[in-house]
Amino acid sequence: MGKTADSLGPGARPDPVRSFNRWKKKHSHRQNQKKQLRKQLKKPEWQVERENISRLIQNYGKINVNEITRFSDFPLSKKTLKGLQEAQYRLLTEIQKQTIGLALQGKDVLGAAKTGSGKTLAFLVPVLEALYRLQWTSTDGLGVLIISPTRELAYQTFEVLRKVGKNHEFSAGLIIGGKDLKHEAERINNINILVCTPGRLLQHMDETICFHATNLQMLVLDEADRILDMGFADTMNAIIENLPKKRQTLLFSATQTKSVKDLARLSLKNPEYVWVHEKAKYSTPATLEQNYIVCELHQKISVLYSFLRSHLKKKSIVFFSSCKEVQYLYRVFCRLRPGISILALHGRQQQMRRMEVYNEFVRKRAAVLFATDIAARGLDFPAVNWVLQFDCPEDANTYIHRAGRTARYKEGGEALLILLPSEEQRMIQQLLLKKVPVKEIKINPEKLIDVQKKLESFLAQDQDLKERAQRCFVSYIRSVYLMKDKEVFDVSKLPIPEYARSLGLAVAPRIRFLQKMEKQPTKELVKSQANEVTKPRAPSLTNDEVEEFRAYFSEKMSILQKGGKRAEETEYRLNNGISDEEQEEEEEDEEMEEKLGKERWSQTESVTNTNETQKVKEVPVQLLDRDDDEDDGADADFLTVKRRDVFGLDLENKAVQKKESSKSSVKKKLTKVAEAKKVMKRNFKVNKKITFTDEGELVQQWPQMQKSISKDMEEEDDAGGINLDKAKERLQEEDRYDKEEYRKRIKAKHREKRLKEREARRETSKRQAKARDEEEAFLDWSDDDDDDDGFDPSTLPDPDKYRSSDESDSEDMENKMRYDLATYPYCA
Ligand SMILES: Nc1ncnc2c1ncn2[C@@H]1O[C@H](COP(=O)(O)OP(=O)(O)OP(=O)(O)O)[C@@H](O)[C@H]1O
């Protein structure tokens with residue numbers, strides 16, 4: 001090794017030969033670069049692009065996941081990398097690292113990773129690259145289809161796509177329900193990357209002329225397990241039928257499907273399974289703290305109110321099981337003024353409102369969002385502190401998705417699940433099986449604010465609110481009834497009158513489908529005795545039946561949403577007004593009854609006496625003491641006994657006491673006769689509706705006057721009460737009277753018929769006589785005519801006149817056809 005100039009000492013001069021060599025090397029390198037650049041500049045842009053692409057494709061084979069940490073380590077186009085950089089995405093998450101390479105190589109991928117782990121980019125980057133590789137242009141039509149289960153998720157994905165893909169030239173479109181179909185139809189043919197919900201996509205496939213997916217390169221199912229489940233089954237099968245078999249398919253979810261049947265439907269080719277957190281200790285994010293409380297159904301509203309009061313500076317999402325619950329409780333909580341802004345998001349809102357709410361909640365720093373499960377999957381609201389599951393999720397997967405709306409991408413968050421005593425054991429078992437670490441915490445009874453009285457007073461003043469409460473009540477009971485897992489959800493264990501009271505209702509509304517439930521045990525018992533099986537089962541539907549209903553209802557809801565066309569997402573979704581909803585509920589009830597072959601439930605559940613109410617209210621509910629919640633000041637200790645049972649209150653004992661008292665309150669079922677007798681005893685007077693005629697005569701409209709009724713009977717009626725024997729007698733009398741009347745009417749009819757026939761006979765004989773006379777007269781006239789001038793043609797109609805009118809008719813017809821074609825420009 002020769003010595004450097006520095007090593008020769010401060011006064012020594014550098015070796016001129018060495019310096020020259022170094023300069024020469026640099027110079028020639030620069031010259032080469034310039035030459036290359038000049039060459040490139042001479043080449044057309046498409047050729048440069050093509051060379052870049054072939055270089056990228058060559059590098060796909062060399063991808064080594066272990067050496068990759070940044071997006072720029074993947075062989076990606078400059079346009080995609082620039083988009084990622086501008087959106088501040090540099091380092092890869094695990095799922096991105098493990099799936100992007102496989103997808104670039106053209107493989108079908110099934111990706112699963114915890115919520116908030118960056119699955120969206122894991123499929124968006126390959127989407128952009130796939131079309132870039134093919135130099136896709138708008139004339140090539142639809143290249144990629146991204147299907148999301150809800151409109152909000154589709155919208156969110158579309159926004160990320162716009163951000164990351166803004167340097168590419170492809171066109172992207174968002175096709176979700178609730179917008180003008182015609183407007184979408186005009187543009188859909190120019191879209192290269194389509195982000196959509198299943199229902200709307202199918203509607204376009206069915207109705208939009210010239211829309212096809214024959215060039216499709218890639219299909220992406222976000223929240224794949226949800227899209228492939230029964231609620232979307234028919235819609236998805238129809239969509240898949242319209243897609244080419246030769247395509248790449250990517251499926252992503254936090255709870256991935258492994259069902260062979262599902263995957264067979266998609267005809268995947270040797271898919272790569274990437275379960276990033278398969279071996280992780282927990283299936284939920286490590287930064288997510290999860291707890292549950294057990295409380296009685298009728299305490300839940302007060303618990304929620306108390307929770308909100310003590311978390312005024314937090315951002316929370318509260319999940320409910322039905323739209324009507326959200327609608328009612330949203331209104332009620334707005335009136336209660338907890339001191340934090342409340343928003344509601346559910347499928348029955350107008351699309352514009354849904355978007356407004358979504359954006360508003362994204363913007364807000366402290367707010368609470370009441371939502372149904374349309375917000376459970378995929379939504380990436382920033383900085384959500386709490387997820388509260390007011391109603392028990394249908395299964396552990398739903399729990400994971402709901403809870404995953406907080407603690408996203410390295411952030412922290414807390415999840416609280418509210419369980420009924422009847423739901424606790426089985427649900428917790430399921431969660432532990434799914435590797436979800438939940439701890440029980442207690443509620444601080446001193447911090448519980450009872451709002452039942454306030455709700456009662458609201459309902460007393462507002463009929464509309466009362467009706468909403470009733471719908472909320474029925475809707476919740478129905479949601480429990482339709483749940484698949486009967487070991488967790490048991491309608492028969494719900495304290496129904498207490499629940500109605502907790503909503504502010506004095507009387508529980510009737511729930512027709514529960515009548516069947518009440519009848520079922522006896523039937524089943526008989527059946528089981530016949531089979532010599534002595535185990536009586538709890539009344540419930542079979543899993544298959546429930547699954548069928550759920551699919552049926554979700555499909556029905558979606559049909560309604562799309563205005564009677566094909567199924568839209570279960571997402572659940574109507575844009576109707578309140579009166580429509582009422583009607584729907586009635587329809588739903590009726591249809592469900594029809595399906596179940598149910599009889600009408602005519603019994604109104606009565607509420608137990610007020611002393612009992614008092615007792616129920618006295619059941620203490622422990623509130624959670626939250627020491628570390630500085631932001632929320634004095635009220636911060638509502639929810640935190642998660643670390644210690646400060647108050648030492650034994651809720652379990654209370655629950656047992658409650659159960660016993662509710663058992664004793666179960667009444668013997670009354671027959672209709674017994675009920676009538678009971679009513680008789682009360683000596684009710686039936687209201688009457690009386691009107692006056694123009695002449696000033698009194699007419700009783702209701703109850704309808706019986707024509708046969710004798711005066712003394714009327715008088716007896718006035719005495720009040722319902723006398724069964726008298727009523728029977730009266731019915732017989734009425735029956736006789738009706739028969740007599742009927743007989744008279746039939747006689748009169750026969751008489752009329754006979755008269756008519758006689759008249760007809762007379763007419764024919766007259767006509768025959770007249771014809772004979774005319775015949776004789778004609779013979780006389782023809783003889784005379786032979787001697788006359790002959791036939792006068794002017795007596796015939798003018799043929800030209802007829803021709804011209806024919807011509808104008810055919811012209812009209814032509815014009816009409818032209819007009820018809822003009823109205824169908826796509827066919828011209
Ligand atoms: N590489 C990354 N660098 C920085 N942030 C990222 C990266 N990838 C994703 N994120 C951010 O992480 C958050 C969650 O990402 P994303 O919504 O894709 O999660 P997900 O896995 O799809 O969640 P879910 O299962 O709930 O649908 C987003 O706010 C996103 O911007």
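One-based numbering, in listed order, for ligands and for the atoms of each. Keep in mind that the numbers below use all heavy atoms, side chains included, and drop hydrogens, waters and symmetry copies. Counting from 1, the numbers follow the sequence of the chain as shown. Everything numeric in this text was worked out from a predicted model, so none of it was measured.
- Take R402 and apply the side-chain hydrogen bond (donor to acceptor under 3.5 Å, both in side chains) test, not counting sequence neighbours, and it matches D373, Q389.
- Residues passing the side-chain hydrogen bond (donor to acceptor under 3.5 Å, both in side chains) test with R90 are Q88, sequence neighbours excluded.
- Side chains of N52 and R55: a donor-acceptor N/O pair is present below 3.5 angstrom, by distance only.
- Using a 30° and 60° split on the angle between ring planes, F370 and F333 fall in the perpendicular class, above 60°.
- Closer than 4.0 angstrom to ligand 1 sit non-hydrogen atoms from F71, Y89, L91, T93, Q96, K114, T115, G116, S117, G118, K119, T120, L121, E223, A254, G378, D380, R405, R408, Y409.
- Using a 4.5 Å heavy-atom threshold, the side chains of Y155 and L174 count as touching.
- Partners of E49 according to the side-chain hydrogen bond (donor to acceptor under 3.5 Å, both in side chains) rule, which considers only residues two or more places apart in sequence or in another chain, are Y132.
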